[in-house]
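Structure first, then comments.
Just so we're on the same page: letters track the sequence lines, and every chain starts at 1. Just so it is clear, the structure is predicted and the values come from calculations on it, not from any experiment.
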Amino acid sequence: MTESNSPLIIDVAVPLRLYTTFHYAVPPELAPLATTGVRVLVPFGRRKLTGYVIGIVAESEEELKPISAVLDPEPLFTSEELEFFRWSASYYLHPLGEVIKTALPAGINVESRKRQVCSADGMETEEEVLIGGKGVKRETFYRAVPSLELPANLRGKGLRIAEFLRTISEAAAGQLRREFGATPAHFRRLLELGLVEASEREVYRDPFREEVFAHDTPLVLNDSQSEALERIIAATDGRAFAPFLLHGVTGSGKTEVYLQSIAHVLDAGKTALVLVPEIALTPQLVKRFKSRFTCGIAVLHSGLSDGERYDEWRRIRRKEVSIVIGARSALFAPLSAIGIIVVDEEHEASYKQSEGFRYNARDLALVRGKMSKAVVILGSATPLLTTYHAAQEGKLGYLHLPHRVRNLPMPATELLDARGHKGDTFLPQLTSAIAKNLAAGGQTLLFLNRRGFATYLVCQDCGHVLRCPNCSVTLTYHRRRERHFCHYCDYSIPAPSVCPECDSQAIGLLGRGTERVEEEVRELFPLARVGRMDRDTTSGRGGHARVLKGLEDGTIDILIGTQMIAKGHDFPGVTLVGVVSADATLNIPDFRSSERTFQLISQVMGRAGRGDAPGKVLIQSLAPDHYAITHAVAHDFEGFYAEEISFRREVGYPPFTHLAALTLSGNSVAEVEKGAEAVAGVLHSTKRELKSRVEILGPVSAPLGKIRGRYRWQILLKSTGRAELHRLLARFKAGVKLPAVVRMAVDVDPVDML
DNA sequence: AAATACGGCGGC
DNA sequence: CCGCCGTATTTA
């Protein structure tokens with residue numbers, strides 16, 4: 001180190017809703033440690049916070065406070081990763097410190113809090129305590145001392161442990177506790193007798209500990225799979241950013257293309273990042289990856305404990321893994337030399353984080369891929385319209401898998417007109433198809449995108465409907481719990497026996513959910529083994545896997561479920577799929593509702609006929625003529641997308657305009673109205689100032705309604721250019737001042753990131 | 001986010 | 001003129 005007269009000054013981002021970063025002085029003894037990427041404890045106001053060093057500052061006129069401590073021996077992120085964080089922060093107009101906090105594993109930061117302490121003389125004093133900060137886990141390992149006879153008086157657990165240790169090189173205390181019920185007393189005894197020696201070292205908390213994975217080899221590809229793989233391989237060899245849409249119908253073997261592409265990337269010494277939309281889908285994918293690859297594989301998703309996630313993160317940072325599989329947050333994994341990024345089921349809305357730092361991992365995957373000069377594969381049977389359009393424009397390579405593997409046919413599909421049968425859950429055709437399938441020993445999936453028993457309760461005398469006092473929605477009746485629930489905020493009340501408004505006994509339950517369909521199926525088919533899969537039956541760790549295992553083992557004949565059953569899983573025994581009501585998602589007031597309906601129905605249909613027996617699909621609909629439904633039923637992807645594209649072009653929605661939504665929320669209509677006025681004012685003046693051609697729609701004249709007790713208003717921005725929209729938003733956000741009680745969220749929704 | 005500075009207003 | 005409370009500002 002060279003001696004310098006001027007002290008080191010660093011630029012620090014703190015994880016707060018602040019758009020500025022802060023300069024600190026570094027005491028000489030800490031200077032060698034305070035490099036870009038490490039966390040530092042800094043005085044902030046009169047408390048202390050964990051901040052992230054994002055750079056070194058040449059000089060500063062002001063008198064700066066010194067940092068209190070350096071928290072990491074080495075950087076948590078590289079300068080390339082920082083560049084990605086900065087890009088994301090700027091694009092989503094979110095404070096850099098919070099972006100970095102989201103990117104790093106949860107629970108590792110420390111901060112100071114004031115705590116009241118009662119001292120001996122009864123006086124209350126304040127003490128500053130540091131809280132938080134997840135550390136590494138250490139564990140004690142025991143190994144048998146070789147060539148020592150076991151004493152005759154050793155028996156019971158102690159003897160079994162000693163014998164076990166002689167057959168194995170060593171074992172962790174935790175394993176001995178689990179397998180032998182070992183206690184600290186046993187360990188003490190064995191140590192005293194000189195039979196074992198103990199050593200302590202750092203361990204990883206492994207979410208897949210003790211699971212054994214079979215080994216498999218690459219499958220033979222069909223022609224379109226081979227062609228897709230060849231194009232991907234050619235692109236990875238080019239070592240430049242190359243994005244692809246892998247459009248493969250359900251059952252077309254997309255995963256096998258991912259696996260073989262990744263194998264090629266690993267051979268070239270690079271790494272792979274695989275994103276899946278939901279935690280529930282990770283176990284089966286991890287199983288396929290662990291069976292195929294011997295390299296280190298890390299898993300990152302919100303279902304892990306903070307400790308497990310921290311350890312997986314450290315394994316990645318230390319380059320002990322070459323493949324990372326995870327949900328949207330895994331996009332920020334500290335993986336270096338990324339050769340390929342796979343976004344599986346890229347159309348899934350769950351790639352978007354909808355609070356705090358509102359990013360879309362599918363969009364950012366393209367950005368990270370571009371920065372890493374990697375191949376990015378967006379895979380789906382029903383890609384986003386914007387993705388498909390970008391592929392048509394040549395911005396993405398288009399890889400098409402139009403057929404199922406092993407030449408399996410697409411399921412035979414029939415559309416049933418449910419008009420005039422409003423009270424019936426099943427039309428006769430569906431009932432007889434279920435009976436026939438049951439008799440033939442096939443499994444049936446029944447899809448209804450609504451959980452609970454009945455969607456609402458209405459009084460037939462006064463018309464009163466049970467509603468949530470916090471949210472503007474009806475309460476759903478759940479029979480098993482004998483309560484009415486709000487599906488937004490979980491508010492609930494016991495089921496009333498009379499109308500709470502007029503005491504009339506003529507109260508009726510209308511609309512059906514999965515719970516009621518399950519009941520009706522049990523009545524119709526008393527001998528069938530019936531299961532249900534929705535948020536109510538899969539709560540808790542492993543709940544998902546429990547239900548799916550029933551299907552896999554063949555202990556379930558008929559499974560009723562919400563969209564959970566539509567996603568990803570591959571069940572060869574399912575030969576019949578019934579869509580109870582195809583219309584629920586069609587009437588959501590969102591310009592994407594047709595697209596979502598087409599995707600959902602296509603995905604559910606895709607569950608049928610994945611095994612050797614052909615599949616059949618019956619779809620009940622009150623809107624059998626709607627183009628989203630007719631095209632889905634006909635497996636006519638191109639027809640639907642062409643129709644949807646021309647509709648979007650006409651009304652000016654993505655992919656022909658970029659959208660941003662500003663959502664205001666507050667505790668009263670008046671509050672939000674005031675906020676909306678302020679926002680609209682600044683937006684329009686900023687627009688004039690920048691001579692921007694961005695279109696400002698709203699504030700809409702009516703509130704969107706109350707959600708979780710807060711009223712919401714929305715303003716939409718439309719723009720033909722992404723840069724122009726961003727310029728307006730950035731200037732607006734810097735200039736707008738909202739009443740403290742009003743919160744604003746900005747959602748940025750692009751045509752594409754390319 | 002949390003602490004502090006500011007400012008308007010009722011009470012004496 | 002002081003204290004109280006709600007709001008705006010600052011945090012390096």
Side-chain angles (χ1 to χ4, degrees), chain A residues 6-28 30-31 33-71 82 86 89 92-104 106-117 124-133 353 355-358 664-668 670-679 681-682 710 732-746:
Chain A
S6 53
L8 179 65
I9 299 165
I10 53 174
D11 196 14
V12 175
V14 289
L16 295 176
R17 297 218 154 199
L18 297 170
Y19 291 88
T20 46
T21 58
F22 297 85
H23 294 173
Y24 286 90
V26 181
L30 294 177
L33 299 167
T35 54
T36 299
V38 298
R39 292 173 305 147
V40 285
L41 191 65
V42 294
F44 199 80
R46 54 156 52 203
R47 62 202 168 124
K48 281 177 177 157
L49 281 181
T50 298
Y52 313 102
V53 180
I54 57 164
I56 309 292
V57 180
E59 57 185 279
S60 171
E61 273 106 81
E62 285 144 292
E63 187 74 9
L64 297 174
K65 286 191 185 176
I67 62 170
S68 306
V70 174
L71 298 172
L82 177 59
R86 283 188 192 276
Y92 290 107
L93 305 149
H94 202 80
L96 180 61
E98 288 215 319
V99 171
I100 296 175
K101 190 184 177 185
T102 310
L104 296 177
I108 59 169
N109 285 352
V110 290
E111 68 181 287
S112 74
R113 285 274 165 79
K114 292 283 182 292
R115 192 170 66 176
Q116 299 291 319
V117 183
E124 280 204 355
T125 51
E126 269 193 353
E127 182 189 70
E128 191 182 77
V129 287
L130 286 177
I131 58 161
Q353 174 137 72
E355 52 192 29
F357 170 33
R358 297 175 162 241
L664 301 179
S665 68
N667 294 315
S668 70
E671 261 176 36
V672 192
E673 250 165 13
K674 232 165 76 186
E677 265 167 47
V679 163
V682 179
R710 291 176 71 80
F732 157 77
K733 219 175 165 181
V736 73
K737 280 197 180 66
L738 284 170
V741 284
V742 177
R743 291 226 151 245
M744 180 177 68
V746 181

Check the distance between [N]'s [atom2] and [X]'s [atom1] and give it to me in whole angstrom.
X: Leu49(A); N: dA3(B); atom1: CG; atom2: P; value: 11 Å
X: Leu64(A); N: dA12(C); atom1: CG; atom2: C1'; value: 6 Å
X: Tyr52(A); N: dA12(C); atom1: OH; atom2: C1'; value: 18 Å

Would you compute the distance between atom NE2 of His94(A) and atom CZ of Arg358(A) and round it to the nearest 0.5 angstrom?
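Atom-to-atom, His94(A):NE2 and Arg358(A):CZ are 10.0 Å apart.
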List the residues meeting side-chain hydrogen bond (donor to acceptor under 3.5 Å, both in side chains) with Thr21(A), not counting sequence neighbours, and say none if there are none.
Asp11(A)
Between Ile54(A) and Ile100(A), does the side-chain contact (heavy atoms from CB on, under 4.5 Å) criterion hold? Intermediate values first, please.
CA-CA 10 Å; Ile54(A) 57 164; Ile100(A) 296 175; 3.9 Å; yes
Please lay out, stage by stage, how Val99(A) and Arg86(A) fare under the test side-chain contact (heavy atoms from CB on, under 4.5 Å).
CA-CA 8 Å; Val99(A) 171; Arg86(A) 283 188 192 276; over 6 Å; no
Applying the side chain to side chain contact (heavy atoms under 4.5 Å, CB included) test to Leu49(A), which of Val12(A), Val40(A), Leu16(A) qualifies?
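Exactly one candidate clears the test, Leu16(A).
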Checking side chain to side chain contact (heavy atoms under 4.5 Å, CB included) between Leu8(A) and each of Val57(A), Leu30(A), Val26(A), which is the one that passes?
Val26(A)
Check DNA chain B for consecutive Watson-Crick or G-U pairs with both distances under 3.5 Å and list the runs of at least three as stems.
B:1-11 with C:1-11
Distances for protein N/O vs nucleotides 4-11 of chain C N/O pairs under 3.5 angstrom?
| unit_1 | atom_1 | unit_2 | atom_2 | d |
| --- | --- | --- | --- | --- |
| dT11(C) | O3' | Gly45(A) | N | 3.3 |

Presence of Arg46(A) side-chain N/O under 4.0 Å of dA2(B) phosphate oxygens OP1/OP2:
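For dA2(B), OP1/OP2 do not have a side-chain N/O of Arg46(A) under 4.0 Å.
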If you compare all heavy atoms of Leu64(A) against all heavy atoms of His23(A), which two are closest, and at what distance to 0.1 Å?
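Closest approach of Leu64(A) to His23(A): CD2-O, 3.6 Å.
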Polar contact flag, side-chain donor to acceptor under 3.5 angstrom, Lys101(A)-Tyr52(A)
no
